Number of protein chains: 2
Amino acid sequence: MLPYEHFGYIGAMTDSPNDVTPDRLRKADALPPSDQHAQQYAAVRNAHETELLEDYVELIADLLEHQGEARSTDIAARMGVSQATVSKTVTRLKSLGLVSSKPYRSLFLTEKGEAMAAMSHQRHAIVLQFLRALGVNDRTARIDAEGMEHHVSQETLEIMQRYTREQGGRDA
Amino acid sequence: MLPYEHFGYIGAMTDSPNDVTPDRLRKADALPPSDQHAQQYAAVRNAHETELLEDYVELIADLLEHQGEARSTDIAARMGVSQATVSKTVTRLKSLGLVSSKPYRSLFLTEKGEAMAAMSHQRHAIVLQFLRALGVNDRTARIDAEGMEHHVSQETLEIMQRYTREQGGRDA
DNA sequence: GCTACAAGTTAACCTTGGCTAAAATACTGT
DNA sequence: ACAGTATTTTAGCCAAGGTTAACTTGTAGC
């Protein structure tokens, strides 16, 4: 079954009397020019390519920090994936120069990997904190942040950070 | 080259003196229990499965509305992808009962497809308007919305909608 | 009504990210 | 030290989403 089939959204929101969309937003309904549109999709496809890599590297960094080592069993458990899959992906991470390890041994990050992990971690944290500052429930915020983090631009991140700061200050 | 390599983010944000994260957020640093963590990733993988399908139906609906017909050339151009790819994906959409068409003819949405498109379109609009209400530049907002929309939960969507409403009212 | 070009399809290939099952290596306890 | 268990890797499978190149179908113009 496809997700939307049990996602009772339409009835709840269509033709809502609360639609106060200002006119300046109505233009959202027009199609952008083809080439710009294509670039939008390209950006998403592009993000997808690095998503998984970032997730791995981020997780490895977390494991190294919190448990002292990053074993593929743990990664498999945390990612909810088989160890074989982890092994294959790690091979790819190595070939990209993000991870290093000797066969059958625990994993480490290269400098490049650490840079990526740090960036990823920050982005993740900013998005998560932003969602919580907005008032999203912790559990939901974590799930949304995991999915959203790879698609949030630098510009938006900065705005989120500013918002969180102001909001955090307000109820502190 | 990987995207993060030209994304000068770390220097700008690490150890910022503006880190006023309240203590209640510090726990974000701890790893969640393995099984919960796994569910987060599973949710993301799940979203990925329907993402492309949603993008297609949404685009087809837009084309039907704005140009009267949805031809695969246009889809290919707007998605920035070859026609062969569109053809293959459309075959999949048909087998899922989302799209209908006779060979070599223009595409239509089934009821199921329309339902999905409507939901997708609303979600997209909410996220896009939210980002703009936050103060994100239009162009950036479009790109971010395209990527984020599939990862935003019902709960967060409602909060975004509320925020947009309040914010929209404020400067109207 | 035929010819030429545009649009759609099919075939053959690639990479990624899953899986299971089996083999190789490392670790642990007696 | 070595037997048994746990971990990691490898092999072989699959589907999705891309590609190019070749083929089919549709449509316009003369």
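Letters A, B, ... are given to chains in the order of the sequence lines, protein chains preceding strands, and every chain is numbered from 1. Predicted model, so just to flag it, every value in this text is computed and none were measured.
Side-chain atoms of Y104(A) lie closest to dT9(D) of the nucleotides dC27(C), dT9(D), dT9(C).
Of the possible polar contacts, none joining the T50(B) side chain to the L53(B) backbone as a donor-acceptor pair under 3.5 Å is found.
A heavy-atom distance below 4.0 Å to DNA chain C is reached by these residues of residues 71-90 of chain B, ordered by number: R71(B), S72(B), T73(B), Q83(B), A84(B), S87(B).
A straight line from CD of E49(B) to C1' of dT16(C) spans 14 Å, rounded to a whole angstrom. Between the CZ atom of R105(B) and the P atom of dG26(D) there is a distance of 6 Å, given to the nearest Å. Regarding K102(A), its NZ atom lies at a distance of 18 Å from the C1' atom of dA24(C), rounded to whole Å. Rounded to an integer number of Å, the gap from NE2 of H48(A) to C1' of dG17(D) is 12 Å. Following rounding to the nearest Å, Y41(A) (OH) and dG18(D) (P) show an atom-to-atom distance of 11 Å. Between L93(A) atom CG and dG17(C) atom C1' the separation is 12 Å, expressed in whole Å.
Nearest approach of P33(A) to R78(B), heavy atoms of both residues: C-NH2, 3.7 Å.
Residues Q83(B) and S72(B) have side chains that never bring a donor and an acceptor to within less than 3.5 angstrom of each other. Side-chain atoms of H121(B) and E58(B) form no donor-acceptor pair, as typed in the model, at a separation below 3.5 Å. For the residue pair S101(A) and K94(A), a side-chain donor N or O sits within less than 3.5 Å of a side-chain acceptor on the partner.
Using a 30° and 60° split on the angle between ring planes, F130(A) and Y163(A) fall in the perpendicular class, above 60°.
The side chain of R92(A) contributes an N or O atom lying less than 4.0 Å from OP1 or OP2 of dT16(C).
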